[in-house]
Structures are given as structure tokens and as C-alpha cells.
There are 2 protein chains.
Amino acid sequence: MKKISSRFSVAVHILSLLALSPSPCTSEFIAESVKTNPVIIRRIIGKLKKAGLVNVRPGAGGAYLTKEKDEITLLDVYRAVEVVEEDELFHHHENPNPKCPVGANIESVFRSKMLQAQMVLERELANVTLGQMVTEISEKN
Amino acid sequence: MKKISSRFSVAVHILSLLALSPSPCTSEFIAESVKTNPVIIRRIIGKLKKAGLVNVRPGAGGAYLTKEKDEITLLDVYRAVEVVEEDELFHHHENPNPKCPVGANIESVFRSKMLQAQMVLERELANVTLGQMVTEISEKN
DNA sequence: TTTTGGTGAAACTAAAATGGTTACATCGAG
DNA sequence: CTCGATGTAACCATTTTAGTTTCACCAAAA
């Protein structure tokens with residue numbers, strides 16, 4: 001793979017800005033903080049919107065949170081930006097050879113181990129709220 | 001990202017075969033069980049070799065484990081096949097705007113949360129040995 | 001010693017994901 | 001009505017991945 005897409009880290013960045021800003025933020029403003037293109041921001045905001053985390057004022061513009069910052073977890077964001085396909089982090093390659101005793105059975109065994117590993121990862125993400133994030137960010141000032 | 005490369009699942013498949021086979025296995029034999037090309041298998045075996053998990057008989061051919069199957073964990077394999085870059089699963093995008101209070105501090109906060117999440121994932125992988133894998137695979141027969 | 005089977009590596013291809021850019025129709029507030 | 005901002009679409013370049021062909025080299029067995 002390499003790495004999980006930066007969409008995730010950018011999305012957290014966006015939401016942190018929204019959580020700290022008293023008024024809606026435009027994609028251009030956000031793009032300046034993230035140091036990227038406004039279109040990139042809009043695309044990610046689109047996914048956050050679809051997930052019900054933010055709303056965007058039509059016409060006038062500007063995004064804002066639709067939930068309390070303590071009710072948004074990093075897992076919500078992770079899922080919203082669809083960084084992993086079908087919510088499965090690990091590739092279960094194969095249509096292995098069913099004639100081979102290993103080929104025939106490895107898939108289900110491997111899969112269950114990977115789902116377990118994925119579960120603990122997601123539980124960890126679910127444990128961190130946007131509220132905690134912005135608190136820690138603010139404390140560093 | 002999508003998914004972690006199938007190199008990982010294929011590597012586990014390869015090692016399972018080696019653990020169950022009394023004699024060294026050729027890449028062609030393995031390729032049949034995995035249902036892929038022998039060259040793909042050799043490339044992955046090359047990485048496993050570099051990590052000290054297997055050895056290959058020169059000339060005659062055939063790979064075999066260099067460690068006890070209970071001393072190889074899925075984390076060893078995960079690391080060996082280099083599915084994640086620099087051992088960091090999450091992308092910490094950004095050279096964000098240092099002038100922005102969020103941009104200036106989010107990176108370190110986000111990073112520490114992600115390292116924590118990655119840690120629990122890896123701990124889970126470290127908890128499963130190749131021995132357990134082949135035991136479970138065999139039980140299914 | 002010659003043959004044979006296998007490895008390791010290079011060179012290429014094709015597909016997909018990612019991050020980025022430009023352009024533009026559309027919508028609402030002032 | 002005008003202006004600013006959004007939401008898309010259409011591209012593009014880069015990188016990763018999986019796969020294939022080819023071939024030099026090596027060691028064991030005939």
C-alpha cells in the first residue's frame with residue numbers, strides 16, 4: 001500500500017478548523033491552512049457532508065459542523081472519507097487453489113485474524129473525539 | 001489507499017505452505033497453490049529471505065523456514081514484505097500553514113493518535129504466530 | 001561433464017489510486 | 001443583478017501494484 005490516503009488527515013484538519021471557528025469556513029480559507037487546493041478541500045467536505053458530519057451553506061458558502069465536536073470520533077471521519085475499500089483494510093488476495101489443503105482454508109483463517117486486527121485499530125480511532133483533538137491542539141499554543 | 005497490498009496475504013500463504021511441507025518448496029509449486037505467477041512468489045520470498053524468515057537452496061531450488069513456526073509472528077511477515085512505507089500506516093499529510101493555530105499544531109497531535117492506533121494493530125499482529133495459523137488451517141480439513 | 005530445473009533480476013506492461021489543476025454551471029446573499 | 005462560493009467534470013502526472021517474458025547463473029543428478 002504505502003500509506004492510508006492523506007484524505008483522512010486532511011479531513012481531521014478540516015473538522016478541527018470548523019470546530020474552532022465560530023462561523024462557517026470557506027474551502028479557500030481551509031485550503032490555506034492545509035496548504036493545498038480548494039477543490040481538494042471541497043471534495044473531502046463533500047464526503048464529510050454525505051456522512052452527516054458537516055453542512056455547507058449553499059450559495060453563500062462556508063462549511064460548519066452538524067454535530068457536537070464531542071460526538072464526532074476519528075472513526076467517523078475515517079469511515080466518511082473512505083480511505084479503505086469496503087471497510088476492509090487487508091487484502092484477502094486470492095482465489096487460491098482449492099485442491100491444495102492450504103489454499104482451500106487459508107483464506108478464512110487469515111481473514112478472521114485480519115478482521116480482529118482491524119477491529120482493535122478501529123476501536124482505537126473510535127476512542128478519540130474531535131473535541132479531544134481540538135483541546136490538545138489549543139493547549140499547544 | 002484502498003487496501004494493504006496482497007503481498008502480505010500471499011506471504012502468509014507461502015509461509016504456511018513452508019511450515020506444513022517436510023521438504024523445500026519451489027516457487028512454481030507455491031504459485032500453483034496461490035494461483036499466481038512464480039515470479040511474484042520469488043519476489044516475495046526475496047523479501048522474506050532478507051528478513052531472515054526463510055532460506056532458498058541455490059541452484060537446486062526450493063525455500064524453507066529458517067525459524068520455528070512458533071517464532072514467526074504475523075507482524076514479522078507484515079514488516080518483511082514492506083506493505084507500509086517507513087512503518088507508518090497513516091499519512092501525516094502536510095506541511096500545513098504554520099501561521100494558522102490549527103495548522104501549526106495539528107500534525108503532532110494527529111501523529112501521536114495515529115501512532116497509538118498503529119501500535120494496537122501491530123500488537124494484534126504480533127499476537128498471532130505462523131504456528132497458530134497452520135494449526136487452524138489444518139483443523140479445517 | 002553435460003543436462004536440467006530452479007532462482008534472481010531486469011525490463012516492460014497495464015490498471016488503479018492519488019493528488020493536483022482548470023473550467024464552469026449554479027446558487028444565494030447583499 | 002452581481003459577486004463569491006460551491007459542486008463537478010475533465011484532465012494530468014505520479015506512484016503503486018500485479019503480472020509477464022526473458023535470461024544469466026548455479027548446483028545437483030545423470
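Lettering follows sequence order; numbering is per chain, from 1. Keep in mind that this is a model prediction, so the values were computed, not measured.
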Legend entry - Exceeds 12 heavy-atom contacts within 6.0 angstrom, atom NZ of B/K47: yes

Assign [X] to base, sugar-phosphate, or nothing according to its heavy-atom contacts below 4.0 angstrom with the strands shown.
X	answer
B/G62	sugar-phosphate
A/G59	base
A/R43	base

Legend entry - Candidates C/dA29, C/dG8, C/dT21 - which lies nearest the side chain of B/K49: C/dG8

Inset, instruction - Counting heavy atoms from C-beta on, name the nucleotide in C/dT7, D/dT6, C/dT21 closest to the side chain of A/V56. - result: D/dT6

Compare side-chain N and O positions of [X] against OP1 and OP2 of [N] and report whether any pair is under 4.0 Å apart.
X	N	answer
B/K3	C/dA16	no
A/K2	D/dT17	no
B/R42	C/dT7	yes
B/T26	C/dG5	no
B/R7	D/dT17	yes
A/N37	C/dG20	no
A/S27	D/dT6	yes

Inset, instruction - Return yes if some donor-acceptor pair links the side-chain N/O of B/S21 with the main-chain N/O of B/L18 below 3.5 Å, else return no. - result: no

Inset, instruction - Check for a donor-acceptor pair, side chain of B/R57 on one end and backbone N or O of B/G62 on the other, with a separation under 3.5 Å. - result: no

Could you tell me the separation between the [atom1] atom of [X] and the [atom2] atom of [N], rounded to a whole number of Å?
X	N	atom1	atom2	value
A/Y64	D/dT6	OH	P	13 Å
A/E28	D/dG7	CD	P	15 Å
A/I40	D/dA13	CD1	C1'	13 Å
A/K47	C/dA17	NZ	C1'	12 Å
B/I44	C/dA9	CD1	P	15 Å
B/I45	C/dG6	CD1	C1'	11 Å
A/I4	D/dT16	CD1	P	16 Å
A/R57	D/dT6	CZ	C1'	12 Å

Legend entry - DNA chain C: 5'-proximal contact among A/T36 and A/P58 (nearest heavy atom): A/T36

Inset, instruction - Could you label the plane-to-plane angle of the B/F8 and A/F90 rings as parallel, tilted or perpendicular, counting under 30° as parallel and over 60° as perpendicular? - result: tilted

Legend entry - Any B/L74 side-chain heavy atom under 4.5 Å of B/M133 side chain: yes

Legend entry - Exercise: do B/E88 and B/Q118 side chains pair donor with acceptor under 3.5 Å: no

